[in-house]
Amino acid sequence: QVQLVESGGGLVQAGDSLRLSCVASGRTVSSTAMGWFRQVPGKDRDIVAAIAGSGGVTTATYYAISVKDRFTISKDNAKNTLYLQMNSLKPEDTAVYYCAARRDYRSYYYVNEYDYDYWGQGTQVTVSS
C-alpha cells in the first residue's frame, strides 16, 4: 500500500522559512515523479513544484511562477523523502500543501492534479502578514 505523509507545516510570519517533508512508503521516491500542490478553500488544487522520476541524466524540476526562486523541491533518496524548502514566505502562500506521486516510474515531471495517483493528507501552512 502506497502512503505519503506530509509534515513541517505551521504558523509563521511573512519572510520566514519552512521545510515540508513527504515520507513515502510502498514507493521509491528516487524512481517516482512527484509534486507539491496547494489548495485554499473555494479554489482548485494548484501545482507548486514538481520533480521528475528516474531515467534521465538530470532530474528536471518545475516551479509555479508564484514560488519560483523562493521554493525548492528536492529528494533525499536515502530517507525516501520528498522535500519542499520554502523561503521568503508570503501571506498568499497560506494553504494546505499536498504531496503527490504517480503510479508509474517516468522520467518526466507533471504539473496537473490528474497526472497523479497517490496523495498525502496535507499539511497546513499559515503565513501571517
Side-chain angles (χ1 to χ4, degrees):
Q1 180 69 25
V2 175
Q3 185 176 14
L4 306 175
V5 180
E6 303 98 334
S7 63
L11 174 62
V12 299
Q13 295 182 350
D16 285 352
S17 297
L18 285 173
R19 188 178 73 167
L20 305 184
S21 299
C22 174
V23 179
S25 61
R27 179 68 44 172
T28 302
V29 167
S30 64
S31 302
T32 303
M34 302 185 72
W36 287 99
F37 289 74
R38 64 187 181 188
Q39 187 172 30
V40 299
K43 296 189 66 178
D44 295 333
R45 188 172 298 182
D46 295 325
I47 185 69
V48 176
I51 187 166
S54 63
V57 176
T58 60
T59 302
T61 57
Y62 168 88
Y63 297 94
I65 190 169
S66 60
V67 307
K68 188 172 178 61
D69 299 324
R70 297 191 297 120
F71 292 8
T72 303
I73 188 171
S74 63
K75 297 175 179 177
D76 186 329
N77 296 332
K79 297 181 178 180
N80 207 39
T81 299
L82 178 74
Y83 296 104
L84 183 67
Q85 178 66 47
M86 305 186 295
N87 298 326
S88 302
L89 283 162
K90 304 175 181 179
E92 49 264 47
D93 295 319
T94 295
V96 177
Y97 284 71
Y98 296 90
C99 172
R102 285 178 59 84
R103 180 182 295 113
D104 58 10
Y105 303 95
R106 303 297 300 274
S107 58
Y108 311 105
Y109 60 76
Y110 297 87
V111 301
N112 301 298
E113 183 177 0
Y114 58 75
D115 290 322
Y116 291 89
D117 304 294
Y118 307 110
W119 295 85
Q121 294 300 307
T123 185
Q124 176 71 48
V125 173
T126 303
V127 184
S128 62
S129 60

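Values below: every heavy atom of this structure, side chains too, minus hydrogens, waters and symmetry copies. Numbers here simply count residues along the sequence, with the first being 1. Everything numeric in this text was worked out from a predicted model, so none of it was measured.
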Are side-chain heavy atoms of Thr32 and Tyr118 found at a separation under 4.5 Å? no
Neighbour count above 12 (heavy atom, 6.0 Å) for Tyr105 OH: yes
Counting C-beta onward and ignoring hydrogens, is there a side-chain heavy-atom pair between Asp93 and Met86 closer than 4.5 Å? no
Among the clusters formed by ILVMFWY side chains lying less than 4.5 Å apart, do Val12 and Trp36 turn up in the same one? yes
Is it possible for you to say whether Tyr83 and Val48 belong to one hydrophobic cluster, with membership spreading through side-chain heavy-atom contacts below 4.5 Å? no
Compare every heavy atom of Arg103 with every heavy atom of Arg27, then report the nearest pair and how far apart it is. NH1-O, 2.5 Å
Any side-chain heavy atom of Met34 sitting closer than 4.5 Å to one from Leu4? yes
Taking atom CD of Glu92 as the centre, report whether more than 12 heavy atoms of other residues, nucleotides or ligands fall under 6.0 Å from it. yes
Quick check for you: to the nearest 0.5 Å, what is the distance between Asn112 atom CG and Ile47 atom CD1? 8.0 Å
For residues Val125 and Val40: do they belong to one hydrophobic cluster (side chain heavy atoms under 4.5 Å, members Ile, Leu, Val, Met, Phe, Trp, Tyr)? no
Fit a plane to each ring of Trp119 and Tyr98, take the angle between them on a 0 to 90° scale, and name the class: parallel (under 30°), tilted (30 to 60°) or perpendicular (over 60°). perpendicular
Do Tyr116 and Phe37 touch side chain to side chain, with heavy atoms closer than 4.5 Å? yes
Does Ala33 offer a backbone N or O that forms a donor-acceptor pair with the side chain of Arg102 under 3.5 Å? no
State whether the side chain of Gln13 and the backbone N or O of Ser128 hold a donor-acceptor pair below 3.5 Å, judged by distance alone. no
So, does Thr94 use its side chain to make a donor-acceptor pair with the main chain of Val127 at under 3.5 Å? yes
Work out which heavy atom in Ser21 is nearest to a heavy atom in Thr81; give both atom names and the distance. CB-CG2, 4.1 Å
Could you pull out the closest heavy-atom pair between Gly9 and Thr123, with the gap in Å? N-OG1, 3.2 Å
Under 3.5 Å: donor-acceptor pair, side chain of Asp16, backbone of Leu89: no
Test your reading of the model: is there a side-chain donor-acceptor pair from Asn87 to the backbone of Ser17, 3.5 Å cut-off? no
Ignoring hydrogens and angles, tell me if any N or O in the side chain of Gln39 forms a donor-acceptor pair with the backbone of Ala95 under 3.5 Å. no
Between Ala52 and Thr59, what is the shortest heavy-atom contact and its length? O-CG2, 3.7 Å
Donor-acceptor pair, side chain of Glu6 and main chain of Cys99, under 3.5 angstrom: yes
OG1 of Thr28 to NZ of Lys75: how many Å apart, nearest 0.5 Å? 10.0 Å
Within the side chain of Asp76, is there an N or O that forms a donor-acceptor pair under 3.5 Å with the backbone of Ala78? yes
If hydrophobic clusters are built from ILVMFWY residues whose side chains come within less than 4.5 Å, do Ile51 and Val2 share one? yes
Rounded to the nearest 0.5 Å, how far does CG of Asn80 lie from SG of Cys22? 9.0 Å
Is there a path of hydrophobic side-chain contacts, each under 4.5 Å between heavy atoms of I/L/V/M/F/W/Y residues, joining Leu18 to Leu82? yes
For the side chain of Tyr63 and the backbone of Ile73, is there at least one donor-acceptor N/O pair under 3.5 Å apart? yes
4.5 Å side-chain heavy-atom contact, Arg38 and Leu84: no
